[in-house]
Amino acid sequence: MKPIFVLFVSLLLTPLAQADFSASLGRAGQAFQSADYSNALSLLRQAEPLAETPHDQAKIGNAIGWTYYNLDDIRRARQYLQRAFEQAKPTEDAQLLRKISNNLGLLEYAEGNHQVAKSYFSNPWANGSPTATTYLANIQRHERLNEAKQHISSGIGYRRRGDFENAIKEYDKALEILPDSARIQEFKGYAQFRLGDHQGSIETLNNALRIEPDRLNVVINLFKSYCASNDIEAIEALIISSRDLISQHRDVLRRDGELNRVCKNFNIQSDDA
């Protein structure tokens with residue numbers, strides 16, 4: 001009779017344990033929603049031994065991991081979420097897998113591990129969800145910004161070596177990504193000036209000036225291009241439109257040897273300018 005009795009007791013306890021498990025999750029959820037993360041974690045850890053199936057183990061592992069994340073314990077958060085993700089795979093519960101995968105993606109994104117985050121957001125379970133779509137777009141923007149920074153850095157390297165043609169090529173690649181960057185247009189405009197393309201330089205630098213009217217180096221390089229083109233009318237107009245900026249940074253203009261050389265015949269630095 002003993003085996004029958006044990007079987008009866010185990011059958012009786014299973015629904016009770018499941019009820020306790022669900023109740024504990026409910027209480028933990030309430031604590032979490034109230035931002036009482038320490039209490040939520042305590043309730044979840046109490047319920048953890050009651051998780052009997054891989055599905056429940058994955059479910060509570062995800063909850064514990066996300067609670068650790070909100071407690072800024074990244075190491076434990078990652079540990080629980082990764083384990084929950086593996087536990088959830090055999091269950092084929094698409095909703096649970098999507099939730100865990102997105103949580104892992106959010107964690108890695110916040111930690112700056114964008115390529116790892118991308119792998120979670122783009123997998124078959126998370127891909128297409130609103131969270132994944134938003135963060136994949138953010139990651140793509142970061143990648144494009146990094147690409148632009150690499151082109152700018154390469155352009156600066158070419159400029160320092162006096163290779164202004166290749167510098168412009170790199171700046172143009174950066175401008176394909178960031179067309180409204182006054183900084184990149186400033187760099188390109190100066191390179192054009194150094195190559196003797198004064199009209200191209202003037203056009204580029206005026207574009208930069210429309211974006212950032214108080215960008216000092218753009219104004220200085222515009223003066224150089226206007227002086228090199230002997231465009232007196234444009235010089236006078238720039239003096240008037242940039243009067244305050246010139247007044248605030250007159251010492252910078254006076255120290256710019258190239259400006260003094262190119263514009264030696266034009267009175268752009270006088271106290272009356």
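Treat the numbers as computed from the prediction; the structure is a model and nothing was measured.
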Quiz item: Ring centroid separation for Y158 and F164, is it under 6.0 angstrom?
Solution: no
*Using a strict 4.0 Å threshold on nitrogen-to-oxygen distance, state whether R78 and E108 make a salt bridge.*
yes
On a heavy-atom basis, the closest approach of I139 and H114 is CD1-O, 3.7 Å
| Would E86 and K89 pass as an ion pair if we require N to O under 4.0 Å? | yes
Nearest heavy-atom approach of I202 to S225 is CG1-CB, 3.6 Å
Applying salt bridge (charged side-chain N to carboxylate O under 4.0 Å, His left out), run through R45 and E48 and close with a yes or a no. CA-CA 5 Å; R45 294 302 302 270; E48 189 176 8; 3.0 Å; yes
Can you tell me if E143 has over 12 outside heavy atoms packed within less than 6.0 Å of its CD? yes
| request: Evaluate whether atom CD of E258 has more than 12 neighbouring non-hydrogen atoms of other residues, nucleotides or ligands under 6.0 angstrom away. | output: yes
message = Please determine whether the number of non-hydrogen atoms from other residues, nucleotides or ligands lying under 6.0 Å from atom NZ of K224 exceeds 12.
response = yes
Exercise. Take atom CZ in F193; do more than 12 heavy atoms of anything else shown fall under 6.0 Å from it?
Worked result: yes
Go through the steps for F121 and N102 under the test side chain to side chain contact (heavy atoms under 4.5 Å, CB included), then give the verdict.
CA-CA 6 Å; F121 289 131; N102 277 335; 3.5 Å; yes
Next item on the list: Walk me through it: do K173 and E147 pass the test salt bridge (charged side-chain N to carboxylate O under 4.0 Å, His left out)?
Entry: CA-CA 9 Å; K173 291 175 184 176; E147 184 181 350; over 6 Å; no
